[in-house]
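Inspection log for the structure reproduced underneath, given as structure tokens.
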Amino acid sequence: MKTQIGEDVHIAAAFLKAGELVAIPTETVYGLAGNALSEESVAKIYAAKNRPSFNPLILHIAQIAQLHNYTFVDEISMKLAEHFMPGPLTLLLPKKTTVPDITTAGSKKVAMRIPNQPLTLSLLAQIDFPLAAPSANPSGYISPTNATHVLEGLHGKIPYILDGGNTTVGLESTICEVANNIIILHRAGSVTASELSAVSGLEVINAAAYHAPDISDHSIDSPATPGQLKSHYAPHTPLFMGNIEELIQSHVGKKIAVISFYNRYEGVDNFILAPDHQLSTAASKLFATLRSIDQSDYDVILSEVFPNEGIGIAINDRIGRAQFILKH
Ligand code: TXA
Ligand code: MG
């Protein structure tokens with residue numbers, strides 16, 4: 001199959017209506033989209049990404065009102081939707097039977113999101129089904145933030161990439177769930193825990209720290225978010241995160257790439273993410289920088305720990321997951 005890149009929403013819509021897959025831009029990362037209500041299209045998504053069948057997909061819709069077609073929405077979730085959608089927030093909600101089991105990998109919950117990207121919003125307006133769309137990378141690799149990244153990983157596997165340029169946020173959406181009068185944060189993103197708390201009036205707890213109050217509470221599946229398994233987003237080049245001067249000492253003699261917020265270090269190649277000192281700039285550059293380092297011949301990537309505030313929390317989460325793990 002030849003993979004075409006273009007900006008034509010009509011072509012994208014035609015492929016999707018025919019049951020084919022199309023890579024779509026969002027404000028976070030590119031998604032690999034197919035008709036979420038078609039078991040065949042969803043099966044194609046798992047196959048193209050080589051994604052484990054236990055890892056559910058996010059449904060992308062255009063309007064808040066469409067949440068009711070696929071989910072049961074509580075009051076607080078609706079408040080969050082009204083405040084943050086369209087935008088980089090995904091809500092985990094109890095699903096209706098309109099969503100096929102394969103789309104949620106058998107889970108009774110479905111993740112819902114309205115991407116804030118003009119081309120994709122106009123695409124969604126031209127089709128009468130929601131789009132299931134995981135990040136458009138082969139499973140386990142870094143998420144794509146432009147059409148070229150998508151092509152690198154899915155060339156020949158999909159007919160069309162809808163090109164919306166570089167994504168603006170650059171990290172995957174925040175995923176949260178309202179349960180038992182608290183908010184469970186399943187994935188950090190540019191919508192932060194404190195923003196969620198301010199809008200909802202509820203306490204926000206990290207999924208890793210959350211234990212359902214009583215074993216008979218079947219509203220919480222385990223593992224709660226299968227895709228948040230430890231090793232994820234990993235470049236092929238080993239990556240270590242921490243104090244750069246100390247890390248340089250333990251990698252003497254190697255060809256080193258250093259990822260920093262805005263500092264420059266001696267004797268290494270520097271990849272400074274945010275000369276403007278803005279965490280949002282660093283977030284938008286992170287994945288493209290990891291890819292370009294990976295395509296060069298570095299022995300090792302060393303990364304600073306970013307300020308753990310705002311989107312810095314999500315940056316540290318993604319770099320942490322990309323770290324080299326010694327396999328036994
Ligand atoms: O920003 C984003 O969210 C991007 C763009 C394309 O929208 N999508 C994305 O999808 O990052 P993906 O599949 O790469 O990550 C979705 C995460 C996975 O960790 C998955 O396990 C979790 O969401 N997830 C999806 N549906 C779920 C469900 N029903 N229950 C629990 N976790 C779910
Ligand atoms: Mg992904």
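Counting starts at 1 for both ligands and their atoms, following the listed order. Bear in mind the structure is a predicted one, so any value in this text is a computation, not a measurement.
- Within ligand 1, the atoms closer than 4.0 Å to a non-hydrogen atom of E172 are 1 (O), 11 (O), numbered from 1 in the order shown.
- At least one N/O-N/O distance between R113 and ligand 1 falls below 3.5 Å.
- Counting heavy atoms closer than 4.0 Å to ligand 1, residue R51 contributes side-chain atoms (C-beta onward) but none from N, CA, C or O.
- Per-residue contacts place I175 under 4.0 angstrom from the following atoms of ligand 1 (heavy atoms of the residue considered): 17 (C), 23 (O).
- Seen from the ring of F72, K96 counts as a face-on cation partner, given the 6.0 Å and 45° thresholds.
- Interface of V29 with ligand 1, defined as ligand atoms under 4.0 Å from a residue heavy atom, comprises 4 (C), 6 (C).
- Listed by atom number, the atoms of ligand 1 under 4.0 Å from I58 heavy atoms are 3 (O), 8 (N), 9 (C), 10 (O), 16 (C).
- For the residue pair S173 / T90, a side-chain donor-acceptor distance below 3.5 Å is found, with atom types taken as modelled.
- Close approach of ligand 1 to G31 (heavy-atom distance below 4.0 Å) involves ligand atoms 6 (C).
- Annotation: side chain of N116 is not in contact with side chain of F84 (no heavy-atom distance under 4.5 Å).
- The closest side-chain donor-acceptor pair between D294 and T237 falls under 3.5 angstrom.
- In this model, a donor atom of one side chain and an acceptor atom of the other lie less than 3.5 Å apart for T26 and R113.
- Of the listed options A23, P56, A105, P56 places a heavy atom closest to atom 25 (C) of ligand 1.
- For H251 and F240, the ring centers sit closer than 6.0 Å to each other.
- Residue contact check for ligand 1: K95 places no non-hydrogen atom closer than 4.0 Å to it.
- Ion pair K109/E177 flagged as a salt bridge, since at least one NZ, NE, NH1 or NH2 atom sits closer than 4.0 Å to an Asp/Glu carboxylate oxygen.
- Between Y30 and ligand 1, no N or O atom pair is found at a separation short of 3.5 Å.
- No hydrogens or angles considered: nothing links the side chains of Y30 and Q117 as a donor-acceptor pair under 3.5 Å.
- I315 has its side chain out of reach of F261: every pair of non-hydrogen atoms, C-beta onward, lies at least 4.5 Å apart.
- Polar contact check, T104 against ligand 1: no nitrogen or oxygen pair lies under 3.5 Å apart.
- The proximity of L92 to ligand 1, defined as any non-hydrogen pair under 4.0 Å, is limited to the side chain.
- Against a heavy-atom cut-off of under 4.0 Å, A133 is close to the following atoms of ligand 1: 6 (C), 8 (N), 10 (O).
- Using a 4.5 Å cut-off on side-chain heavy atoms (C-beta onward), T3 and I161 make contact.
- Because the distance cut-off is set at 2.8 Å, S135 qualifies as a neighbour of the Mg ion (ligand 2) through one of its N, O or S atoms.
- Counting heavy atoms from C-beta on, the side chains of L67 and L93 come closer than 4.5 Å.
- The P134 neighbourhood of ligand 1 comprises atoms 10 (O), 12 (P), 13 (O), with distances under 4.0 Å to a heavy atom of that residue.
- Near H60, the atoms of ligand 1 lying under 4.0 angstrom from a non-hydrogen atom of the residue are 5 (C), 6 (C), 7 (O).
- Within the structure, the closest approach of H186 to ligand 1 does not fall below 4.0 Å when heavy atoms are considered.
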